Amino acid sequence: MKVAATLSVNGFAYPVELDPGTNLLAAVRDVIGLTGSKEGCDDSECGACMMLLDGQPVNACSYLALQAEGSEITTVEGLADGDTLAPLQVAFLELGGVQCGFCTPGMLVSATALLADNPSPTEDDVRIGLSGNLCRCTGYDGIVKAVLSVAGSS
Amino acid sequence: MSMQTFTTAATVEEAVAAVAAGARPVAGGTDLVVGARTGKSTMPGSVVAIHRVAELRGVEPLADGGLRLGSLASHAEIAESDDVCARFTALSDASAIVGSHATRAQGTVGGNLMNASPAMETGGPLVCLGATVTLRSPSGTRSVAVEDLWTGPGKTTAAPDELLVGVEVPAPAAGTGSAYVRLEYRRQMEIAVVGATAAVTVVDGVVTAARVAMTALSATIRRVPDAEAALVGSDGGSAAIESAGAAVAAAATPISDVRGSADYRRAMAAVIARRAIKTALSRARGENA
Amino acid sequence: MATVEEPRTFIRPDGKEKVTGTGRYTADLVLAGELVAKFRYADHTHARITRIDVTKARALPGVLAVVTHEDVPDVLYGGMVKDRRLFARDTVRFEGDVVAAVAATTAAIAEQAVALIEVDYEPLPVVTDFEAALADDSTLVHPAWEEYEGNESLGRHHNTVGYTAIVKGDADAALASADVVVRGRYVTDPVQGVPIEPRAVIAQWQGDKVTVWTSTQVPYAARGGVAHVLQIPESHVRIIVPLLGGGFGAKCDFHFEGHVAALARAARRPVKLVFSRREEFFAVGHRREGMVIEFESGARSDGTLLARKARLVLDKGAYCGEGGFFSEMAAMHALGPYELENVNIQSSLVYSNNQPSSSIRAPTAPQVCWALEQHMDELAAALGMDPIDLRRKTLIETGSVTATGQVLEQIAMKETLEKAVELIGYGQELPEDEAIGVAVGWWPCFAANSGAYVKLNPDGTGTIITGAQENGTGSVMAMPTYVAAELGMQPEDFSMLYQDTDAAPYDMGSCGSQTTFNSGRAVIAAAVDLRDQLLDAAAEQLEASRDDLELVSGSILVKGSPDKSVTIAELAGEGTFHGKGAGEVPFAPEALAEGCVGQSGLESFHAPQLIAHAVRVRVDRDTGVVRVLQVAAAHDCGVILNRMGADGQVYGGVVMGIGQALSERTQLDAEGRHLNAHLTDYKLVTASDAPQIDIAWIETDTLNAGPKGSKGVGEPPCVPTAGAVANAIARVLGARVHQLPMTPERVWKAGQ
Ligand SMILES: Cc1cc2nc3c(=O)[nH]c(=O)nc-3n(C[C@H](O)[C@H](O)[C@H](O)COP(=O)(O)OP(=O)(O)OC[C@H]3O[C@@H](n4cnc5c(N)ncnc54)[C@H](O)[C@@H]3O)c2cc1C
Ligand code: FES
Ligand code: FES
């Protein structure tokens, strides 16, 4: 039996009907139609699905969508200001933080949470903060540099 | 079977009523939902989300020097609390290394304890710090020592209609230091293959009280009396630490699996226990550790 | 010879869509009416199928198609040996063999239907010990192997699907005369490619033609594969690759496009397959093989290398696919970049009932290099020599002749060693739990055909049409810079049409680090062709001689008369300018290779890339936990065309190598089933475990190189990383770990 709910994603309210067991990632990708967040695993290990829930990072693949009703959900699609990329997005591009790009949405979301929590992290803080996001392409080098450059503490 | 009903509780009463009616509580979902997704467990047919119950939140120092954690206290909140860090250090050691920043933001102490994994991080510290949990059901409220909460992997002494509402940790005696150490293959995103907690009180250079618990080395997290006995009355020197470590290894009943052999786990039990005890002792002595 | 130091910024043309989440990967696409595909996998790792009954599955509401071997042409396929069927017919040979497939309206219904398919089996003895499978009396994985169509040079016999011997001089006699002889046996566990994007395939038929959107590294191989297994013309198959979320070889070879196309045809609806991470782990071709490696080397007391013998056994798993060349590739890595007079290398690639291996990033090289570089350090220890000094004495250099008779020209092997050693600070005082280890390796380029078009649009911008496949490395993304340079335009002036087999001529795909080498060559040739056309048109219009014209900033000018010019946009508005090109495929150097058996063309290494890595590690002796603290990577990869892209390959490849060195490991049960098909227990390196990596590029003037003197850069970084880590661990422990990965438990045990 589907349940009616309203999910607020990137500032828009979406009325949805969901099976109660639906996870937040499936709701946002398949029902709401925002496919920026990715699915890379089944055990909450890869971080490709990372979203913010009232500013706090969450592995959306393993979070019940209905639990998110009443919270503000942020996905990668909500990071830019209209056509203007967020500084983190620019830095990822300029410093080699993007290759295949499949980890990128989750990485950007994690990095956003990290900087909100700690605006001037050390390199180790950044590495610890991004450890729930796997990247197979970049060796994390460009990603870490990008986050540090935005934090202004590189 | 898939989930049929989902409700969100706004108050403790609503949550307790829902649980009494057969719903499983979900807090951060980092065990419950993940377990169902990987196929390790099945999704309960009825679920009550308790994450919006304000009364279940909080990491509060008590007037008597103790600490109260709401069941929804997240690992991030615990790890970032100055109080926990200063006086209940083993607990902050533990919460600080749970999963990733997302696991720590969403995962709660109540969920950690009730999931009853023998590898859970906060269990050993709460046992060694003498914590109790408050369980509430329609028929009332009772306290259970954390030590007595588990009966096996995934099994607790809580009745199916009981909700864990909070955790109380008594004030540590003067001269107490505690530490939790986990064997880590990677620096983050680990599951304890071996873990150990120590809480020791040192008065005038003598260990007057000691609690030592092992994690992921038996069916439940539990204390090791022989290790504690080896420390109490000693000067906390290397001989005492050595024999306490050996006692932990002797008490361990480890398994062999993809994460390591029983032999390795047993050997590591001694190493990790020694490290936890050493750090707890230096903290008790006020040394920088 | 020059060292490139300055990174240049390079903004990827596909960057904005990737950082905003608007880019589309295969799983992001939705076609009207699409169905969900699920596979029924083998229930045994080796068994005869006695009955398949899909009646109940077909009857389930919501199921539109159930497909088995009966519903597709009965053909065998496989890149180098045709040894498998799309759907198992008589026999299943590994955990991931597909017996049937279902297309249904929802995933839940498809899963239910899969479970309703009844399959009866007669279990057969399971071959998991691949070394034992070499024996003539072992159970055959493919009893009909002699009837299979396969590459003649492979030397197939019994369970051996590829056999290579490299023999030069008299190794036994030389060993007998050596002052020092060392022997070692090394065993590696299988590991996985693990792109973060799981495989996804969507197929849609329109009339007789099928379009397949798929996350493949090799679209043309996928097109050929679909055409072959469904017995339809290649022109009826169009493969489109949306953004590809990494591959690392796990998405090479033709695999699942045929299954999904067959399902879509049967269901008369578009069908989408998206793998779970678990499927991703056990799927055919996603694995780097386990090996057994034995070395014996002898030297004179002054460090002169006299001889090397090696015996290699590689676990191919159930099917050959394109990987028949692995025995020769492994044998070449058993030689390594060393000067050797007396050699006897025997390398066997063996069928088993384990998951089939494939061309995972630098196939065979990291394992063999890990063993050989430990072996060389052991030899140095036996000689009482510093391991760097032993390498200085024995490594190849310009003018060396390899054991297969290839004369090496313009290589900077020793220079990379010196650079790596310098960057890491070899010889510095270190805490007692830290040490530095060094390893060297090599890797060939693969010359292949490719073709491309560059067309001008009426507004003076251009479009590059290439068969090249971008897997994330940026090698295709860099192509506008090459074209712009030829035409005096800006890279931003070009769009790209790529990853669509109906658009461009054949290309090998993103494998073998060949994209710049071959597709880049073709694109540049097409740009040169276009440039010629533009110059001809401008010469006529400006009434000037072609030789007096130059292309600058989007205009064609007459040298010395700045007022006489025409913009490319003006010309483009008037004609249809389109260049095409393929370029000349560079020659592979000759190898004499007398005494070599089982040649698949690798006995000479074309434009070899030379690599030296130095790493500093900290070893916790009590627990065996190793942390890699610093890596210095020095590479001779020819001329570096895109520094940021090349650096990115090293960062990623080194970190992948560290994973293979320390934590990545597929564990199988006694029947060859995965025990850790999930990321919780298959441990990739996280950001907090990844070290600082310093990179040096040593540019050489390579013979037979790719465009502008380039070689490949994608695979080499994986090659010597594990070996360098191993040598560093051994220095701390005073003992060696002979199993890969060097897990904490193994390191701890070695140190006991
Ligand atoms: C990637 C990842 C990494 C992890 N790493 C670690 C780690 O390093 N260490 C570690 O210890 N754990 C780890 N975990 C497990 C998990 O995050 C923790 O156990 C967490 O504390 C669980 O809290 P939760 O609120 O998410 O629990 P939930 O999943 O919401 O609940 C867990 C269980 O407890 C029950 N429950 C929850 N709250 C109550 C309550 N108030 N009363 C009664 N029953 C209740 C639920 O019904 C369920 O059975 C990891 C998990 C993931 C996904
Ligand atoms: S898809 Fe959510 S963590 Fe991997
Ligand atoms: S860029 Fe490919 S996984 Fe990170």
Side-chain angles (χ1 to χ4, degrees), chain A residues 19 29-30 33-48 75-80 83 85-86 88-90 92-109 123-124 126-144, chain C residues 7 9-12 14-25 27-30 193-198 243-248 274 276-278 280 470-474 644-645 647-656 658 678-680 684-693 717:
Chain A
D19 285 325
R29 279 179 59 88
D30 305 340
L34 291 171
T35 59
S37 310
K38 304 301 178 202
E39 178 159 10
C41 72
D42 33 31
D43 50 359
S44 234
E45 287 278 326
C46 77
T75 69
V76 66
E77 287 97 337
L79 299 182
D83 271 346
L85 296 183
L88 266 175
Q89 292 171 309
V90 175
F92 265 57
L93 288 178
E94 286 182 346
L95 295 170
V98 180
Q99 286 190 29
C100 81
F102 202 78
C103 72
T104 308
M107 280 288 181
L108 283 165
V109 167
E123 177 174 338
D124 203 52
V126 173
R127 289 185 177 276
I128 295 284
L130 297 181
S131 288
N133 294 81
L134 295 173
C135 175
R136 193 59 151 170
C137 299
T138 66
Y140 307 102
D141 185 88
I143 294 168
V144 172
Chain C
T9 307
F10 162 71
I11 303 288
R12 316 170 54 98
D14 62 1
K16 190 166 180 184
E17 56 182 309
K18 285 181 171 173
V19 296
T20 54
T22 51
R24 288 282 189 267
Y25 297 76
D28 300 336
L29 303 179
V30 179
V194 201
I196 306 300
E197 178 201 31
L243 289 181
L244 184 63
F248 314 104
V274 181
S276 69
R277 180 56 61 186
R278 201 178 105 73
E280 199 52 32
E470 170 68 37
N471 65 16
T473 61
M644 196 163 110
D647 283 356
Q649 289 308 294
V650 179
Y651 292 128
V654 164
V655 168
M656 195 168 180
I658 292 171
H678 47 77
L679 291 169
T680 310
L684 301 190
V685 174
T686 73
S688 52
D689 301 300
Q692 175 199 332
I693 300 167

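Note that these values count all heavy atoms, side chains included, but never hydrogens, waters or copies made by symmetry. What you see is a predicted model, and the numbers here were worked out from it, not measured in a lab.
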Margin query: Suppose we screen for ring-ring contact (aromatic ring centres under 6.0 Å, His included). Which residues come up paired with A/Phe92, at least two apart in sequence or across chains?
Written below: none
Notebook entry, point to check: At what distance, to the nearest 0.5 angstrom, does CD of C/Gln692 lie from CD of A/Glu123?
Noted result: 8.0 Å
Notebook entry, point to check: In Å, rounded to the nearest 0.5 Å, how long is the span from CD of A/Gln99 to CZ of C/Arg12?
Noted result: 6.5 Å
Notebook entry, point to check: Pick from A/Thr75, A/Leu88, A/Leu34, A/Thr138: which one has the most heavy-atom pairs with chain C under 4.5 Å?
Noted result: A/Thr138
Next item on the list: Considering only heavy atoms and a distance below 4.5 Å, find which of A/Val98, A/Leu108, A/Thr104 pairs most often with chain C.
Entry: A/Val98
Checklist line | Distance-minimising heavy-atom pair for C/Gly21 and A/Glu77 | finding: O-OE2, 3.9 Å
Next item on the list: Return the set of residues passing salt bridge (Lys or Arg N to Asp or Glu O under 4.0 Å) with C/Arg278 (not counting sequence neighbours), or none when no residue passes.
Entry: none
Margin query: Under 4.5 Å from any heavy atom of chain C, what part of A/Leu134 do you find: side chain, backbone, both or neither?
Written below: both
Check: If only atom types and distance count, is the side chain of C/Arg277 paired as donor or acceptor with the main-chain N or O of A/Asp43 below 3.5 Å?
Finding: no
Next item on the list: Using the side-chain contact (heavy atoms from CB on, under 4.5 Å) rule, take C/Lys16 and A/Gln89 through it: C-alpha gap first, then chi angles, then the decisive distance, then the call.
Entry: CA-CA 8 Å; C/Lys16 190 166 180 184; A/Gln89 292 171 309; over 6 Å; no
Next item on the list: Could you check if a side-chain atom of A/Lys38 sits within less than 4.5 angstrom of a side-chain atom of C/Asp28, using non-hydrogen atoms only?
Entry: yes
Note to self: Out of C/Leu243, C/Thr680, C/Leu684, return the one with the most heavy atom pairs under 4.5 angstrom to chain A.
What the structure shows: C/Thr680
Checklist line | Closest non-hydrogen atom pair between A/Glu94 and C/Ile11, with its separation | finding: CG-CD1, 3.6 Å
Item checked: Nearest heavy atoms of C/Tyr25 and A/Phe102, plus distance in Å -> OH-N, 3.4 Å
Next item on the list: Would you mind telling me which of A/Ala48, A/Gly40, A/Cys46 has the largest number of heavy-atom pairs within less than 4.5 Å of chain C?
Entry: A/Gly40
Checklist line | Contact winner vs chain A - C/Pro691, C/Pro717, C/Gly193, heavy-atom pairs under 4.5 Å | finding: C/Gly193
Checklist line | Top contributor to chain A interface from C/Val655, C/Val194, C/Asn471, C/Leu244 [non-hydrogen pairs under 4.5 Å] | finding: C/Val194
Next item on the list: Please round to the nearest 0.5 Å and tell me the distance separating atom SG of A/Cys135 and atom OH of C/Tyr651.
Entry: 13.5 Å
Next item on the list: Using a cut-off of under 4.5 Å on heavy-atom pairs, state which of A/Gly96, A/Gly36, A/Cys137, A/Gly33 scores highest against chain C.
Entry: A/Cys137
Item checked: Heavy-atom proximity to chain C below 4.5 Å, by part of A/Glu39 -> backbone
Notebook entry, point to check: Given C/Ser688, which of A/Asp124, A/Leu130, A/Val126, A/Ile128 fulfils the side chain to side chain contact (heavy atoms under 4.5 Å, CB included) condition?
Noted result: A/Ile128
Checklist line | Atom pair CD/CZ of C/Glu197 and A/Arg136 - distance to nearest 0.5 Å | finding: 14.5 Å
Notebook entry, point to check: For the residue pair A/Gly139 and C/Ala690, what are the closest heavy atoms and their distance?
Noted result: O-CB, 3.9 Å
Check: For the atom pair NE2 (C/His678) and CG (A/Asp42), what is the distance rounded to the nearest 0.5 Å?
Finding: 9.0 Å
Next item on the list: Let me know if A/Tyr140 has heavy atoms under 4.5 Å from chain C in its side chain, its backbone, both or neither.
Entry: side chain
Item checked: Residue part contacting chain C, namely of A/Ser131, when any heavy atom lies under 4.5 Å -> both
Item checked: Heavy-atom check, side chain of A/Val76 versus side chain of C/Thr20, under 4.5 Å -> no
Margin query: So for C/Glu470, is it side chain, backbone, both, or neither that comes closer than 4.5 Å to the heavy atoms of chain A?
Written below: neither
